[in-house]
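A quick write-up on the structure given underneath.
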Amino acid sequence: MPVSKGYLDYVLDQLSCLGTIAHKRMFGGVGLYSDGLFFALIDDDIVYFKVDDNTRRRYEAARTRPFQPGGEGPSQSGYYSLPINVLEDLDQLKAWATEAVEVARRKASGKKPRTRPRK
């Protein structure tokens, strides 16, 4: 199911606590970016934040689910759904979102730069 405009507008409004959030429609969902960093996505009107080995435990303790782009089956454990109560509480949301942006920043800084093919 695609992301509804009303839900996207609501999420963007809530996340304005971080500053300007860019968004881009992709593969039926929406990618969310802070300072050019892909830190979250929305699919089927569910928000998923980027996680790593340190932050994943918080989501599992809240009994949220990993992003599964094909429905049941293999999961994309790099993103977990955001608890509804966090989305509705701006103080908690800012903390969780800031953490997701930092995960994206750490992952981006750990990537090897592309090398040009040899001629």
Side-chain angles (χ1 to χ4, degrees):
M1 174 183 359
V3 176
S4 68
K5 182 178 180 343
Y7 188 76
L8 174 60
D9 290 344
Y10 171 70
V11 170
L12 292 173
D13 184 55
Q14 291 295 93
L15 286 172
S16 67
C17 63
L18 288 181
T20 303
I21 301 298
H23 67 281
K24 180 179 177 182
R25 290 203 176 264
M26 49 197 237
F27 308 110
V30 175
L32 302 177
Y33 300 82
S34 175
D35 293 327
L37 296 167
F38 181 50
F39 77 99
L41 61 95
I42 305 173
D43 186 55
D44 291 333
D45 286 354
I46 299 171
V47 178
Y48 297 87
F49 277 177
K50 191 167 193 65
V51 299
D52 62 14
D53 290 339
N54 296 320
T55 63
R56 184 178 295 109
R57 290 181 218 127
R58 179 185 219 180
Y59 292 81
E60 291 170 344
R63 296 182 179 233
T64 66
R65 297 192 174 265
F67 177 57
Q68 294 178 292
E72 294 300 317
S75 70
Q76 166 56 302
S77 60
Y79 293 87
Y80 268 72
S81 60
L82 185 68
I84 300 285
N85 63 312
V86 172
L87 183 59
E88 295 172 350
D89 181 318
L90 291 180
D91 291 330
Q92 284 191 70
L93 178 60
K94 186 172 184 177
W96 286 56
T98 299
E99 184 178 74
V101 171
E102 287 306 312
V103 168
R105 189 177 321 284
R106 284 193 300 271
K107 296 238 179 190
S109 68
K111 289 184 178 177
K112 294 180 181 176
R114 287 185 175 179
T115 57
R116 295 173 68 171
R118 293 183 185 187
K119 293 183 178 183

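Side-chain atoms of Ile42 and Leu32, non-hydrogen and from C-beta on, do get closer than 4.5 Å to each other. A heavy-atom distance below 4.5 Å is not found between the side chains of Phe49 and Val103. Side-chain contact between Val3 and Arg25 is present, with heavy atoms from C-beta onward closer than 4.5 Å. Side chains of Tyr10 and Glu88 form a contact here, defined as non-hydrogen atoms less than 4.5 Å apart.
A salt bridge is defined here as a Lys NZ or Arg NE, NH1 or NH2 lying under 4.0 Å from an Asp or Glu carboxylate O, and Glu102 with Arg105 meets this definition. Salt bridge status for Asp53 with Arg56: present, with a side-chain N to carboxylate O gap under 4.0 Å.
Residue Leu12 holds its CG atom at 5.5 Å from NE2 of His23, rounded to the nearest 0.5 Å. The line from CG of Leu41 to CZ of Phe39 is 10.0 Å long, rounded to the nearest 0.5 Å. Rounding to the nearest 0.5 Å gives a distance of 7.5 Å between OH of Tyr7 and CD1 of Ile46. Expressed to the nearest 0.5 Å, how far CG of Asp9 lies from CD of Gln14 amounts to 12.0 Å.
The only option from Val30, Leu82, Leu15 that meets the side-chain contact (heavy atoms from CB on, under 4.5 Å) definition with Val47 turns out to be Leu82.
Across all their heavy atoms, Val101 and Ser34 have their closest contact at CG2-CB, 3.8 Å. Considering every non-hydrogen atom in both Leu18 and Ala97, the closest pair reads CD1-CB, 3.4 Å. Between Ala108 and Leu37, the shortest heavy-atom distance links the atoms CB-CD2, 4.0 Å.
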Evaluation steps, side-chain contact (heavy atoms from CB on, under 4.5 Å), between Tyr80 and Thr55 | CA-CA 10 Å; Tyr80 268 72; Thr55 63; over 6 Å; no

Could you give me the CA-CA distance, side-chain angles and deciding distance for Phe38 and Met26, then say whether side-chain contact (heavy atoms from CB on, under 4.5 Å) is met?
-> CA-CA 12 Å; Phe38 181 50; Met26 49 197 237; 3.6 Å; yes

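When the shell of 6.0 Å around CG of Asp89 is examined, it contains more than 12 heavy atoms from other residues, nucleotides or ligands.
Follow the hydrophobic side-chain contacts under 4.5 Å out from Ile84 and you never reach Leu93; the two are in separate clusters.
Checked against the 6.0 Å centroid threshold, Tyr48 and Tyr59 do not count as a close aromatic pair.
Between the side chain of Ser16 and the backbone N or O of Asp13, at least one donor-acceptor pair lies under 3.5 Å.
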